[in-house]
Amino acid sequence: TSQIWPQPSFSDTGGDNIPNLDTTGGFFTFAQNLPLPENFVFGLPCGDGSGAEVDCSTSQAQPLALIIASDTPCVYSSSHTSSWGRYTVRCTLNPTVPISTGCQDCTLEFENGRGDIFLVSGVLHWSWNSGSWYLWPMDSLNYTVDYLNTILRAGDSLTVQWADFGLPVEDNLALSFVHGIDSDRGSWSTGKGRIRRGLAARDFTVYTRNAFMKLVPGQSYQNTQYVVSGRLVDVEQRAKQYVSQTFQNVVDAGDIAGRVITLWRQDNASDSDNIYTAVVGNSTCTNGVLICTGSTTPQQQHLPLYAIECGNISYIGFNAYFFSPLDSVDHTKQPWICDGMDVSIRPSWTMLGFFPTVNECTAVIDEISEYAYYSDSELFCNPPTAQPTTVNPTTASPTTASP
C-alpha cells in the first residue's frame, strides 16, 4: 500500500497517475485525513517562462521566488471567491517566473522571515503574469486579508512547508473502491482497464474506472465492483477479500432470459381504445386486449419500446426521439425539447421493455401516436366496480338467549 500526496490534477496524465488495473492490488482507498508522510518536504515549483510549471531539474527551469513587492500587498478577490466558492486573496510579488498553475489541495504554512506565519488551504495561481499570487488563506482561522497585510512587508522572502492537520491513522475513516485486476478481460476488450482519479477544477475529487471495448447494437457490458467503508485500519483487509469476486463480461442480446412483459389496450369503451398499460409476468389483463409481447431483457430482433409524453400528446414506439427537434445549426437531435411547444414543456419517457420488430407487433405499435399510458397496471386490469356490492340486511328478528 502506498500513500498518494498531494493528489494530482485529474488532467495530469503523466507518471503513475493513470495506472492499469493489472498493476494494482485490485482496490483504491480514500482516507479521511491522513497525517503527512515522514520527511515530506514541500518544494516551490519552477517555470519555463511561458506560464507553465516544469520539473526543476530541466535546463529551462526557473525557480519561483515569493518576495513581497510592497507593504499591505494583498487584496480580497470577490470574483475568484464567487467562482471557486473559496475565500480568495491576491498578493503582489516582485517580478518572478510566471507560473499560472497552483496547488489547489495543499494545506501549507508560510513564514515571513520574522516568525509570523499564516496557513492556506491551497494556491490557485503561484504567479499570474509574473507577479500576482492567488491563494486561499484559512479565513476560518482568522488568516484574512487584513491579517496578511499586517504581517507582510516589502522585501519579505517567504518560506513554505506542509501544514499537517492529519488525524492518527487509527482514527481515520475510509472508503475503498474494489475494481479488480482485469484478469477476466475477454476477447471483446480493446485495451487494458485503468483507473483515473485526481482533483477537479472545483473542490472535489474525480474517480473512475475505464474499460475499453467495442460493442455492437444488442450487446451489454457487465461489471461487478464493490465499495467497502469503515475504519481505515480494517478496510484494506476487507477490500482484499472482494478483489477475486469482481466480474466483467460482454453479453449478446438473448443471452440473459428475462421475464415476459405484455402491452395491453383497454377494451371497455369506444373513447378508451387508446389507453394502454404494460404488465410484467404472465398475468392476464381481464380489462384489456393483448397488443404485443416482449421481454424485460434485450433479445434478438427486439428493440426498446418507449412511452413518451409531451404536454397533452403522446406516443408509443421504438423511436426515442419522436418528439425531438433538430438543432438548426448542426442538425443534432434535442431530446430535452418537445418539438413545436414552449421550452418550459419537457418530455417524459417510460421504457416499457424490449419488444419484437419483425412480427405483427410492429404494425400495431407504429399506429399508436395518440394514447394515454396507465402506469398502475393492477388498477388498469382489475378496475373497481361502478357500484359497491352490499348484502341485503336480514329482516328476521334477532335471536337472544334466555337470561
Side-chain angles (χ1 to χ4, degrees), residues 1-45 85-87 102-111 117-123 135-143 159-183 193-210 224-246:
T1 302
S2 59
Q3 181 176 342
I4 301 173
W5 181 262
Q7 288 193 67
S9 168
F10 185 74
S11 61
D12 186 354
T13 59
D16 298 325
N17 290 335
I18 309 180
N20 290 333
L21 297 180
D22 60 5
T23 67
T24 72
F27 59 94
F28 191 90
T29 302
F30 291 90
Q32 179 182 3
N33 191 8
L34 285 172
L36 294 177
E38 293 184 8
N39 303 317
F40 198 60
V41 178
F42 184 87
L44 287 173
R86 301 170 73 173
Y87 181 82
C103 194
Q104 296 179 11
D105 195 39
C106 300
T107 305
L108 302 174
E109 177 186 296
F110 291 89
E111 198 263 333
I117 67 167
F118 60 96
L119 302 177
V120 304
S121 61
V123 174
L135 57 151
W136 290 313
M138 292 187 178
D139 58 312
S140 61
L141 299 180
N142 294 320
Y143 295 117
T159 57
V160 59
Q161 64 180 5
W162 290 104
D164 194 349
F165 289 94
L167 299 171
V169 172
E170 59 272 17
D171 292 341
N172 268 259
L173 300 177
L175 186 68
S176 187
F177 293 89
V178 186
H179 47 67
I181 57 175
D182 222 18
S183 58
R194 68 186 189 182
I195 291 297
R196 285 200 69 180
R197 76 283 181 279
L199 296 175
R202 296 296 184 262
D203 191 16
F204 64 91
T205 299
V206 180
Y207 167 86
T208 183
R209 178 222 192 274
N210 298 144
T224 300
Q225 302 175 51
Y226 298 90
V227 178
V228 180
S229 63
R231 299 172 65 238
L232 177 62
V233 292
D234 301 324
V235 161
E236 181 172 346
Q237 290 303 317
R238 291 172 58 201
K240 287 179 179 178
Q241 299 173 10
Y242 289 96
V243 172
S244 62
Q245 299 182 47
T246 59

To the nearest 0.5 angstrom, please state how far the OH atom of Tyr143 sits from the CG atom of Leu135. 13.5 Å
Would Phe42 and Phe40 count as a close aromatic pair, with their ring centres under 6.0 Å? no
I'd like to check the salt bridge (charged side-chain N to carboxylate O under 4.0 Å, His left out) partners of Asp164; sequence neighbours left out, ordered by chain and number. none
For Phe28 versus His179, what's the shortest heavy-atom pair and its separation? N-NE2, 3.8 Å
Atom pair CD1 (Ile181) and OG1 (Thr246), whose distance is rounded to the nearest 0.5 Å: 7.5 Å
Identify the heavy atoms of Arg194 and Leu21 that sit nearest to each other, and give their distance. N-CG, 3.7 Å
If you measure from OG1 on Thr159 to CD on Glu111, what distance do you get to the nearest 0.5 Å? 4.5 Å
Do Ile195 and Tyr207 come within less than 4.5 Å of each other through their side chains, counting heavy atoms only? yes
What pair of heavy atoms forms the shortest contact from Trp162 to Thr107, and how long is it? CE3-O, 3.6 Å
Check the surroundings of atom OH in Tyr242: do more than 12 heavy atoms from other residues, nucleotides or ligands lie under 6.0 Å from it? no
Nearest heavy-atom contact between Gly193 and Asp182 is N-OD2, 2.7 Å
Once you round to the nearest 0.5 Å, how far does CZ of Arg197 lie from CG of Asn17? 5.5 Å
Please give me the minimum heavy-atom distance between Gln245 and Thr224, naming the atom from each residue. O-CG2, 4.5 Å
Looking only at non-hydrogen atoms, find the nearest pair between Asn172 and Leu34 and report the distance. OD1-N, 3.4 Å
Rounded to the nearest 0.5 Å, how far apart are CG of Leu119 and CE of Met138? 5.5 Å
How far does OG of Ser176 sit from CG of Asp234, to the nearest 0.5 angstrom? 12.0 Å
Heavy-atom side-chain proximity of Arg196 to Asn210 below 4.5 angstrom: yes
Can you check side chain to side chain contact (heavy atoms under 4.5 Å, CB included) on Glu170 and Leu232, steps first, answer last? CA-CA 7 Å; Glu170 59 272 17; Leu232 177 62; over 6 Å; no
Do the ring centers of Phe118 and Phe110 come within less than 6.0 Å of each other? yes
Answer yes or no: is there a donor N or O on one side and an acceptor on the other, between the side chain of Arg86 and the main chain of Ser121, under 3.5 Å? yes
